[in-house]
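All heavy atoms count here, side chains included; hydrogens, waters and symmetry mates do not. Please read all numbers here as calculations on a predicted model, not as lab measurements. Proteins get letters first, then strands, A, B, ... in listed order; numbering begins at 1 in each.
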Amino acid sequence: MTERRSAPSLATEGLAPSERWKGPFIARLLADKRVVVCCGAGGVGKTTTAAALGLAAAMLGKKALVLTIDPARRLAEAIGSPLAARAPVPMPDARLAEVGIRGTLSTWMVDPRIVFEGMVRRLTTDQIQADAILQNRIYRALAQLVAGMQEYTAAEALYGFVEGGDYDVVILDTPPSRNALDFLEAPRKLSLFLDERIVGVFLPGSSGIFRNRARQIAHGVFARIFGEGFFDEMQQFLATFSGMFVSMRSHAESVRKLLKSDASSFVVVTSPEPAALAEAAHLERTLATEMLLPFSGFILNRSWAYTRGLRSPSELVLPPDATRVDHAALAKLEQLAAEELRLAERDRQLLSSLRKRRAGCQAAATPQLDGDIDFAALVLIAESLIAPTTVEDALENR
Amino acid sequence: MSLRIRDGIAQRLVLVTGKGGVGKTTVTAAIARSAASSGKRVLAAEISYESPREAGATQDAEITSPLAAALGTSPLVDEPRRLDGTLHGARLSPLAGHLQFLRDTLPMRLLADAAMKSAAVRRFFIAAPTLAELGIVYRLLHLLSLERPNGQHEWELVVCDLPATGHALALAQVPQALVDILRGGPIHAAAQEGLSLLRDPARTTSVLVTLPEPLPVSEAIELHEGLHRLSIDCGLVVLNRVPENPFSAEERAAVERMVTDRMRMLGARRLPRIDRARAACDRLEHELHMPVRVVYEANANVTTSVLEQLRGAP
């Protein structure tokens, strides 16, 4: 046991000794940052990783919040988050205490309708105006649609919770768009939509011959393509909504500032699949080089890298009366074992290549676990992220 | 991967859908190739929300055009391009759909082009969240309506790789919302037409791709329900990356006798995966009442290609 504990862990292996004593980089992120954003291709286990990061933060004694976009039902159960809550749901203290966790963990599934409604109520001065907006058919259609709105509301929710100050660290699971960075663009896209040059075209009362002329043209085009009634309704929508535009745009700007600041950190989650790795490399380049966002490193999810303490089938000795079937079965098992060792070697090499991608870049691995992700599995993943030496032992006691 | 649809595909549009990372793109490429091999004029299509200029900034085909990468060709563009025999490829972008729409709607082509040049109109189309999906549906409608001089369909079959679960549903939800919001006019009409295309099982079907693990299977069943709610036909379920089971029943029993703790034995960790894959297949067949196509995971030596990819770009 003692021997195994002192073996270099996968999270610190390959780092300079001066880096190693600081512990796994994930632990440092969770201790120092207010926002940790999980990016990655679809299907790499981003939501699971975000939940495990939240749990890891709670293990470090933090008040953590995980904002997820679309958790699968089982995972929602594992993290104790009802699917349609109006506010973050804290995990019962007793459940956390059972596994010796001192901090707190809340989770919330971002619901675009609830975020929008909260925003409308916050930004409008009176109840009547708020109700008018919430009743508008165009508003309702916009807020209900899946496409595009999740991205905006995720950013908006993040901002709200960081401003609110109820949590030490907020972990954001990014929406499952093809472009995993869409949500960063969402506030900008929305402010484009709300650009006064567009709004001005619809809104009555703005003066000037050019404005009037532009409005006439736009009216013509829009009436033709959207049908006669739409222009009036759009006008009404924008008139009631326009009071909020200034605040919404300044929100969007604040979100960008927050995400670019030292208080935030981006981690890219990947699986060992080639397509996921290609996407991860692309995300890293875009985040760090093009968008100049605080990128910290990779989490190699569901890796086979952990093999310490496993026995090999070649140690098995068949009895003298073993049948041909027994021998055939053992030979096939040995083949599977050889395959698994290749995967382990591949994943260890992957980790070290990921670390070499840029100066200061870090990488941690989480183990390939059997079956469904339940609370116990999340605890294992969380431990592997912040205190990897205990994982092997934890697996033993599972 | 070869995915032969036994009796051919009767529909004109196949939507390939499923959660991220399940292998939709490979399945799309396999279906398109298989259909084209019988001489059908097939268009393999992928959805791209990026403007061509933005897309051009990254040269990485895996990212900008995953379907092209799966088909082994250069990134796909708006205009269909011949790839191989009767197999063609194109990307579906909202922009192309919007332009098409304006051209069909406004009296003069000149006016449509001018309208697209107007910053206000263009921004509105790009930024209004629903119009991107409508643009894509409109583009699909247009491609399917194209005819050759002899009256045959230009594209006998369009196989479309949908980006994420939400999108299969959004493609149908968006026209529905627009039909609800707009009382009349060409967008209302286009949305209505799009809806009837997507909801007509004689013309449109979907292929649901998933992985052999409990969670993805639950999600696939939910997605199947979602498709059903929106009246989109589902013609095939593909269970992808199924681990091959090398053991006969007797050999498996022998392994069970030899190995006492599977999770502590190299190689034996594969056994629960094999069992889960079997359970996944049974559950899908049982709950969806339809045949499940099993695609085995390639045990090729992926190690080298993965490492090469990582060493490639800085």
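Summarising the geometry, atom CD belonging to A/Q335 is positioned 10.0 Å from atom CZ belonging to B/R270; distances are rounded to the nearest 0.5 Å. Interatomic distance, CD of A/Q368 versus CZ of B/R273, reported as 6.5 Å (0.5 Å rounding). From B/L266, atom CG reaches atom CD of A/E315 across 9.0 Å, with rounding to the nearest 0.5 Å. If you take CG on A/L310 and CZ on B/R269, they are separated by 5.0 Å, rounding to the nearest 0.5 Å. With values rounded to the nearest 0.5 angstrom, B/E250 atom CD is found 11.0 Å from A/D326 atom CG.
Of the two parts of B/R252, neither the backbone nor the side chain holds a non-hydrogen atom closer than 4.5 Å to a non-hydrogen atom of chain A. Residue A/L330 touches chain B through both its backbone and its side chain, counting heavy-atom pairs closer than 4.5 Å. Using a 4.5 Å cut-off between heavy atoms, A/L316 contacts chain B through its side chain alone, with no backbone atom that close. Of the two parts of A/V44, neither the backbone nor the side chain holds a non-hydrogen atom closer than 4.5 Å to a non-hydrogen atom of chain B.
What you find for A/E340 and B/G267 is that their closest heavy atoms are OE1-N, 2.7 Å. Minimum interatomic distance between A/L336 and B/F247 (heavy atoms only, all atoms of both residues): CD1-CE1, 3.8 Å. Nearest approach of B/E251 to A/A329, heavy atoms of both residues: O-CB, 3.5 Å.
Chosen from A/S271, A/P313, A/A328, A/S314, the residue pairing most often with chain B at heavy-atom distances under 4.5 Å is A/P313.
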